Novice: 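Submitted below is the structure of interest, expressed as structure tokens.
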There are 2 protein chains.
Amino acid sequence: MTNSTQAHAEVAITNLGERATEARRRTLEVLLRAERPLSHTEIEAALAARGVLDRVTLYRVLDWLVAKGLAHKIEGHDRVWRFNATADDARGHAHFCCTDCSKVYCLTGIKPAFVLSLPPGFRLGEADLSLRGTCPDCQPR
Amino acid sequence: MTNSTQAHAEVAITNLGERATEARRRTLEVLLRAERPLSHTEIEAALAARGVLDRVTLYRVLDWLVAKGLAHKIEGHDRVWRFNATADDARGHAHFCCTDCSKVYCLTGIKPAFVLSLPPGFRLGEADLSLRGTCPDCQPR
DNA sequence: CTGAGATATGCAACACAGTAGCGCAACGAA
DNA sequence: TTCGTTGCGCTACTGTGTTGCATATCTCAG
Ligand SMILES: [Mn+2]
Ligand SMILES: [Mn+2]
Ligand SMILES: [Zn+2]
Ligand SMILES: [Zn+2]
């Protein structure tokens, strides 16, 4: 279990023909194990268990993972980026941000839909759908 | 024209039974005149023409306008809030952020739609739809 | 009109996520 | 082994927004 995630991380990187450095492996491993997107601070804390990684390096590794398509990042309403290992399938899914505990969840089953009648002159790239409300952990009662 | 916007701003505030201070009037005026959401910095610059307003006061005035429903704020992808005077009708519309010039536009005609089958335990509050792409000003040729 | 309480403003210091620069280490192709 | 490239760590810095507190301004009861 633990080891399969390690292997998964390493393979995912080497499959791209890229250097699977310790920083990259360990970071991706944390993301793969997480059940929801994690902030830089949360990832740092998770890594700390087995030795610290430099703050700036972590920022760079995270950007690198995103650039290589191994992770995606979501911007919360608290001006903080959160990162999640990208499942190959679920692209462009919605995200849910809990207004109580401010945890963020990937809703891989929900994708944005909208009348795509943009005003003239606008060219559409991507669409982000971000939902807010209370998460299961925070339901009253 | 200029004066009608001034009047509009003042009336909008006094209609709520609130104090129409200079900071509030001038700030709302700037928002009303703008054709798109403005960042704190942009608003500050716009205000500077007729005398400076304290940075912190402006932050507080903007929050106040939002709390009173006279403005709404949109979070960009650059960790910056942008503010727009709220038209009474268009609630919950989508926003478009130009990936070139990073200007933000309110698309009052477009509202988010999605299958509202949230996973069990989630209670939905609001939904934000944010589109990205290139704006009319930034079209190649 | 006046003065006490409430509200708004200004200033200084701070918090915090993220970034830039730069030297050194590790890697890997020749 | 050598040397160019890539990644890492450290320090210092930005930009955006916040907190605390003293002062100014407004409101309204008396
Ligand atoms: Mn996601
Ligand atoms: Mn808007
Ligand atoms: Zn929650
Ligand atoms: Zn543009």
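Worth knowing before you read on, the calculation uses all heavy atoms, side chains too, and leaves out hydrogens, waters and symmetry mates. As the structure is a prediction and not an experimental result, all values here were calculated from the model.
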Novice: Do A:R60 side-chain and C:dG18 base share a donor-acceptor contact under 3.5 Å?
Specialist: no
Novice: Using atom CD1 of B:I13 as one end and atom C1' of D:dC26 as the other, report the distance to the nearest whole Å.
Specialist: 15 Å
Novice: What is the distance, rounded to the nearest whole Å, between atom CD of A:E44 and atom P of D:dG9?
Specialist: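 Rounded to whole Å, this separation is 12 Å.
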Novice: Let me know the distance between CG of A:D78 and C1' of C:dG18, rounded to the nearest Å.
Specialist: 14 Å
Novice: Taking atom types as they are modelled, would you say the side chain of A:R55 forms a donor-acceptor pair with the base of D:dG9 within the 3.5 Å cutoff?
Specialist: no
Novice: More than 12 heavy atoms of other residues, nucleotides or ligands under 6.0 Å from NE2 of B:H8: yes or no?
Specialist: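 No, the 6.0 Å shell around NE2 holds no more than 12 heavy atoms from other groups.
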Novice: Spell out yes or no: do the side chain of A:R19 and the base of D:dG7 have one donor N/O and one acceptor N/O closer than 3.5 Å?
Specialist: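 No.
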Novice: OP1 or OP2 of D:dG15 versus the side-chain N and O atoms of B:T41: is any pair under 4.0 Å?
Specialist: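 No, B:T41 has no side-chain N/O under 4.0 Å of OP1/OP2 on D:dG15.
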Novice: Can you check whether B:R24 has a side-chain N or O nearer than 4.0 Å to OP1 or OP2 of C:dA8?
Specialist: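 For C:dA8, OP1/OP2 do have a side-chain N/O of B:R24 under 4.0 Å.
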Novice: Using the six-membered ring wherever Trp is involved, compare the ring planes of B:H40 and B:Y59 and label them parallel, tilted or perpendicular (cut-offs 30° and 60°).
Specialist: parallel
Novice: Where the side chain of B:H40 is defined as all heavy atoms beyond and including C-beta, which of D:dT18, C:dT9, D:dG17 is the nearest nucleotide?
Specialist: D:dG17
Novice: By nearest atom, which of the nucleotides C:dG18, D:dT16, C:dG10 is closest to the B:Y59 side chain?
Specialist: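 Closest of the options to the side chain of B:Y59: D:dT16.
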Novice: Can you tell me if A:W81 touches the phosphate of C:dG18, counting only side-chain N or O atoms and a distance under 4.0 Å to OP1 or OP2?
Specialist: yes
Novice: Take the angle between the ring planes of B:Y105 and B:F96 and call it parallel below 30°, perpendicular above 60°, tilted in between.
Specialist: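 Aromatic pair B:Y105/B:F96 classed perpendicular.
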Novice: How many Å lie between CZ on A:R25 and P on D:dG7, as a whole number?
Specialist: 14 Å
Novice: Tell me whether B:E29 is salt-bridged to B:R33, with the criterion being a basic N under 4.0 Å from an acidic carboxylate O.
Specialist: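 Yes, B:E29 and B:R33 are salt-bridged.
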Novice: Between B:T21 and C:dA8, is there a contact of a side-chain N or O with OP1 or OP2 at under 4.0 Å?
Specialist: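 No.
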Novice: Rounding to a whole Å, what distance do you find between B:D63:CG and D:dG17:C1'?
Specialist: 9 Å
